[in-house]
Amino acid sequence: MVKDYVIKYERVQAIQWTGLNASEVSEFIGQGLLEIKNVDFNVLIKIPTVEENHYARIGDWIMKNENTQYWVIDNEVFNEIVLVPFDIG
């Protein structure tokens with residue numbers, strides 16, 4: 001499920017990669033099918049970022065800022081830096 005969060009006073013949207021929500025992640029990214037591969041018993045999904053493509057592992061978060069820039073962040077780090085989810089509606 002896509003939710004809104006505040007990170008360091010910046011509003012971002014984020015979705016957690018579960019290994020089973022490829023269509024939801026693709027819709028979030030705004031692209032068609034994303035590359036998915038199995039590596040060492042982990043399902044990775046390729047995410048286009050400003051710098052280069054990154055692979056999200058199951059449990060990682062894919063984040064998008066207001067400039068539509070994407071990045072992948074580890075679940076542990078996400079839980080340390082994200083303030084709280086909120087509804088803007």
Student: Mind telling me whether Trp61 and Tyr5 have parallel, tilted or perpendicular rings, with 30° and 60° as the class edges?
Tutor: perpendicular

Student: Specify the closest pair of heavy atoms between Ile62 and Phe28, including all atoms of both residues, with the distance to one decimal.
Tutor: O-CE2, 3.6 Å

Student: For a quick check under 3.5 Å, do Asp60 and Gln16 share a side-chain donor-acceptor pair by atom type?
Tutor: no

Student: Quick one: closest heavy-atom pair of Ala22 and Ile36, and the distance?
Tutor: CB-CD1, 3.5 Å

Student: Check whether any side-chain N or O of Tyr70 sits under 3.5 Å from a backbone N or O of Ile47 as a donor-acceptor pair, and report yes or no.
Tutor: no

Student: Strictly distance-based, threshold 3.5 Å: is any side-chain N or O of Trp17 a donor or acceptor partner for the main-chain N or O of Val43?
Tutor: yes

Student: Which other residues belong to the hydrophobic cluster containing Val50, where Ile, Leu, Val, Met, Phe, Trp and Tyr are joined when side-chain heavy atoms lie under 4.5 Å apart, directly or via other members?
Tutor: none

Student: Within this structure, what is the CG-NZ distance for the pair Asp4 and Lys64, rounded to the nearest 0.5 Å?
Tutor: 9.5 Å

Student: Rounded to the nearest 0.5 Å, what separates atom CD1 in Ile29 from atom NZ in Lys46?
Tutor: 13.0 Å

Student: State, with a plain yes or no, whether a side-chain heavy atom of Glu24 is found less than 4.5 Å away from one of Ile15.
Tutor: yes

Student: If you take all heavy atoms of Arg11 and Glu66, which pair is closest and at what distance?
Tutor: CB-OE2, 3.5 Å

Student: With rounding to the nearest 0.5 Å, note down the distance linking CD1 in Ile73 to CD in Glu76.
Tutor: 11.0 Å

Student: So, for Trp71 and Val12, which heavy atoms are closest and what is the spacing to 0.1 Å?
Tutor: CH2-CG1, 3.8 Å

Student: Of all the heavy-atom pairs spanning Pro48 and Asn53, show the shortest one and how long it is.
Tutor: CA-OD1, 3.2 Å

Student: Quick one: name the residues clustered hydrophobically with Val39, using the 4.5 Å side-chain heavy-atom rule over I, L, V, M, F, W, Y, and just say none if it's on its own.
Tutor: Leu44, Tyr55

Student: Restricting to side-chain hydrogen bond (donor to acceptor under 3.5 Å, both in side chains), what partner residues turn up for Gln69, sequence neighbours left out?
Tutor: Asn65

Student: Around Glu80, counting heavy atoms of other residues, nucleotides and ligands shown, do more than 12 lie under 6.0 Å from its CD?
Tutor: yes

